[in-house]
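Structure first, then comments.
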Amino acid sequence: MPLKSVVHYLQPVDDWLPIDKQVGIAGVINGLAMKVLFLDQSGQLGGAELSLTDVAKHFKHQGLVYLFEGGPFADKLAAAQVPYKVRQRPSLSISKESGLWQGLLSLRQLLPLVGEVAKMAQTYDLIYANTQKALVVGAMASVLARKPLVYHLRDILSAEHFSPINRRVAITLANTCATLVIANSQATRQAFMDAGGRPQLIKVVYNGFDPDQYEGQPLLRPVLQQQHAIQEGFWIGHFSRLSPWKGQHVLVDALQYLDEAVQVLLVGKALFGEDDYVQSLQAKILNFGLQDHVHFLGFRSDIPALMASCDLVAHTSTSPEPFGRVIIESMLSGCPVVAAKDGGATELIDHGKTGWLCPPNDPQQLAQMIGECQRQPQLRQKIATQARVQASQTFSLEQTNQVIAGLLQQHVRRTTSS
Ligand code: UDP
Ligand code: GLC
């Protein structure tokens with residue numbers, strides 16, 4: 001059911017070129033290379049940054065990623081041989097929950113950055129904002145530099161994630177300055193429109209993945225058993241930054257209803273200062289006496305191998321997940337996944353065929369589903385096999401990049417000819 005719509009949105013609409021015709025023209029306008037200036041506010045490696053790496057790689061001969069702060073994301077771009085530049089001055093301090101007053105104060109920090117970006121943009125055909133602060137900067141710079149702006153919207157613009165003023169700013173800037181908004185799921189698109197975003201501006205393009213990167217992974221179980229003292233049993237992996245809305249606590253709560261064989265691997269760290277949450281999680285684990293059953297592995301860069309070593313992946317976000325890269329990665333790694341039934345996750349999983357969807361924030365129901373998976377290894381295998389086939393066909397990086405390149409090209413052409 002939802003997968004039909006995936007295909008619909010990946011198909012050309014209006015005056016797009018058919019996908020097969022887009023091959024070979026990606027990133028080229030009127031025979032000339034199209035130059036893209038990508039903007040991202042974060043130096044950390046979140047899903048938005050990992051997805052941007054995959055897009056920017058496609059444009060590496062004619063693009064530049066400008067980061068508002070340094071960090072592991074810059075290293076990742078360097079390793080992928082994607083040209084990037086890190087801003088030398090201190091980063092912006094606007095948070096997702098910022099109010100009007102803080103917003104006005106941060107204008108002082110913002111204006112020099114807008115000037116820098118506008119100057120850089122002179123030699124590019126397009127500004128591509130990958131995050132919300134990048135949108136704010138990119139929008140102003142696009143007006144100054146008279147360049148088209150594309151906003152890759154990777155967040156659900158709802159009250160759960162953003163303050164009212166931040167939502168209003170995002171919608172107003174997107175509506176007035178962007179020529180195109182790319183949403184990472186239909187849930188993200190819907191939230192944009194519900195918040196007042198113009199429907200004709202926004203297209204859904206799902207994140208793409210390279211299936212080869214998930215094939216033939218080494219089994220890490222023996223190493224993990226040794227290094228992290230994880231006992232043999234039924235291993236559940238949770239792959240996400242440690243953050244309240246990613247819901248690691250829901251999985252820990254569910255453990256109370258599960259048997260002794262269950263071991264939980266929490267992979268990821270607090271990327272954006274959620275140290276209080278980590279402490280509360282640790283206290284909960286101690287309180288329940290689950291120290292031998294929950295293991296913190298920290299941030300890892302061998303995700304496919306870790307996923308392939310688990311019996312089940314749990315995704316437990318308590319607010320709607322905009323897309324959820326970890327869900328598709330689990331499918332491609334051959335590990336069955338149970339995910340919170342909300343947001344983009346409901347578009348990625350066909351319940352009972354390619355994974356399972358569980359009501360969010362409900363540890364008892366989650367435990368029941370996990371228990372059923374645990375008791376049925378053959379069913380797990382069947383679901384994992386179906387999911388792998390489905391995910392590699394539907395979420396191909398090659399196709400995603402072609403669609404994005406086609407969209408960018410179309411928008412640059414439209415702006416230059418008007
Ligand atoms: N990830 C990682 N190392 C970790 C934990 C997570 O590389 O230790 C990656 C994970 O594989 C996924 C991304 O971080 O690609 C998280 O993206 P997702 O869309 O699931 O959530 P986000 O954090 O962007 O909201
Ligand atoms: C954001 C979202 C996540 C999505 C990622 C890539 O980080 O939180 O759900 O998968 O962007 O689009």
Side-chain angles (χ1 to χ4, degrees), residues 40-42 44-56 71-73 75-76 79-80 96 129-134 151-158 160-162 181-189 191-192 204-210 213-214 217 220 224 228 237-248 265-272 274 278 295-308 310 313-333 335 337 339-340 342-349 391 395 397 400 404:
D40 196 294
Q41 71 201 47
S42 177
Q44 297 299 327
L45 269 182
E49 287 67 37
L50 288 164
S51 297
L52 178 62
T53 307
D54 286 336
V55 176
F73 183 26
D75 302 336
K76 175 94 187 168
K96 279 184 174 182
N130 193 54
T131 54
Q132 220 208 4
K133 288 176 207 168
Y151 177 30
H152 204 135
L153 175 59
R154 301 182 179 279
D155 293 308
I156 294 211
L157 291 174
S158 66
E160 284 153 304
H161 290 288
F162 292 93
V181 179
I182 300 175
N184 60 1
S185 68
Q186 297 187 48
T188 298
R189 174 177 179 264
F192 175 79
V204 175
V205 182
Y206 288 131
N207 291 311
F209 299 81
D210 175 5
Q213 286 189 5
Y214 300 84
Q217 292 299 324
L220 295 182
L224 292 169
H228 296 274
H238 190 291
F239 297 83
S240 177
R241 56 199 155 95
L242 302 176
S243 170
W245 77 274
K246 290 294 185 177
Q248 282 86 356
L265 284 63
L266 295 180
V267 183
K269 66 170 189 173
L271 292 184
F272 305 110
E274 299 96 337
V278 179
H295 310 271
F296 288 87
L297 270 61
F299 187 88
R300 305 271 303 216
S301 45
D302 52 353
I303 298 299
L306 287 168
M307 285 178 167
C310 289
V313 167
H315 164 275
T316 56
S317 295
T318 56
S319 303
E321 181 73 55
F323 177 87
R325 289 175 56 88
V326 290
I327 296 170
I328 302 300
E329 290 171 340
S330 308
M331 292 175 166
L332 293 171
S333 303
C335 186
V337 55
D342 210 345
T346 62
E347 300 163 43
L348 310 186
I349 292 180
F395 299 94
L397 179 60
T400 295
I404 291 181

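Ligands are counted one by one from 1 in listed order, and the atoms in each one are counted from 1 as well. As the structure is a computational prediction, the values presented were derived from the model and not from experiment.
- Below 4.0 Å from some heavy atom of Gly47 lie the following atoms of ligand 2, by number and element: 5 (C), 6 (C).
- In Ser51, the part holding a heavy atom less than 4.0 Å from any atom of ligand 2 is the side chain.
- Inter-residue side-chain proximity for Phe239 and Ile303 is flagged as met; some heavy-atom pair is nearer than 4.5 Å.
- Separation of the Phe209 and Phe395 ring centroids does not fall under the 6.0 Å cut-off.
- When only non-hydrogen protein atoms are considered, atom 7 (O) of ligand 2 lies nearest to Ala48 N, 3.5 Å.
- Residues Ser333 and Ser330 have side chains that never bring a donor and an acceptor to within less than 3.5 angstrom of each other.
- Of all protein heavy atoms, the one lying nearest to atom 2 (C) of ligand 2 is Arg154 O, 3.4 Å.
- For ligand 2, the atoms closer than 4.0 angstrom to any heavy atom of Asn207 are 6 (C), 10 (O), 12 (O).
- Qualifying salt bridge (Lys or Arg N to Asp or Glu O under 4.0 Å) partners for Asp75, counting only residues two or more places apart in sequence or in other chains: none.
- Listed by number with element, the atoms of ligand 2 under 4.0 Å from a non-hydrogen atom of Arg325 are 10 (O).
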List ligand 1's nitrogen or oxygen atoms that come under 3.5 Å of a protein nitrogen or oxygen, with the partner atom and distance.
from	atom 1	to	atom 2	distance (Å)
ligand 1	3 (N)	Arg300	O	2.8
ligand 1	8 (O)	Arg300	N	2.8
ligand 1	11 (O)	Glu329	OE1	2.6
ligand 1	11 (O)	Glu329	OE2	3.4
ligand 1	15 (O)	Arg325	NE	2.9
ligand 1	15 (O)	Glu329	OE1	3.2
ligand 1	15 (O)	Glu329	OE2	2.8
ligand 1	19 (O)	Arg325	N	2.9
ligand 1	20 (O)	Arg325	N	3.2
ligand 1	20 (O)	Val326	N	3.2
ligand 1	21 (O)	Lys246	NZ	3.1
ligand 1	23 (O)	Arg241	NE	2.9
ligand 1	24 (O)	Gly47	N	2.8
ligand 1	25 (O)	Arg241	NH2	3.1
ligand 1	25 (O)	Lys246	NZ	2.8

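- For His152, the side chain to side chain donor-acceptor pair (under 3.5 Å) partners are Tyr128, Arg154, not counting sequence neighbours.
- Annotation: Arg241 places no N or O atom under 3.5 Å from an N or O atom of ligand 2; distance criterion only.
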Hey, mind stepping through Asn184 and Asn207 against side chain to side chain donor-acceptor pair (under 3.5 Å) and telling me if it holds? CA-CA 6 Å; Asn184 60 1; Asn207 291 311; 5.6 Å; no
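- The closest protein non-hydrogen atom to atom 9 (O) of ligand 2 is Glu321 OE2, 2.5 Å.
- Residue Asp155 does not touch ligand 2, judged by heavy-atom distances below 4.0 Å.
- Side-chain contact between Gln132 and Phe162 is present, with heavy atoms from C-beta onward closer than 4.5 Å.
- Remark: Ser317 engages His315, Glu321 in a side chain to side chain donor-acceptor pair (under 3.5 Å) (not counting sequence neighbours).
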Given side chain to side chain donor-acceptor pair (under 3.5 Å), test Glu347 with Tyr206 step by step and report yes or no. CA-CA 10 Å; Glu347 300 163 43; Tyr206 288 131; 2.3 Å; yes
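- When hydrogens are left out, the protein atom nearest atom 10 (O) of ligand 2 is Gly324 N, 3.0 Å; that is the closest non-hydrogen contact.
- Looking at ligand 2, you'll find an N or O of Asn184 within less than 3.5 Å of one of its N or O atoms.
- Scanning both residues, Ile328 and Ala391, for their nearest heavy atoms gives CG2-CB, 4.2 Å.
- Here the shortest heavy-atom pairing between Ala339 and Ile327 reads CB-CD1, 3.9 Å.
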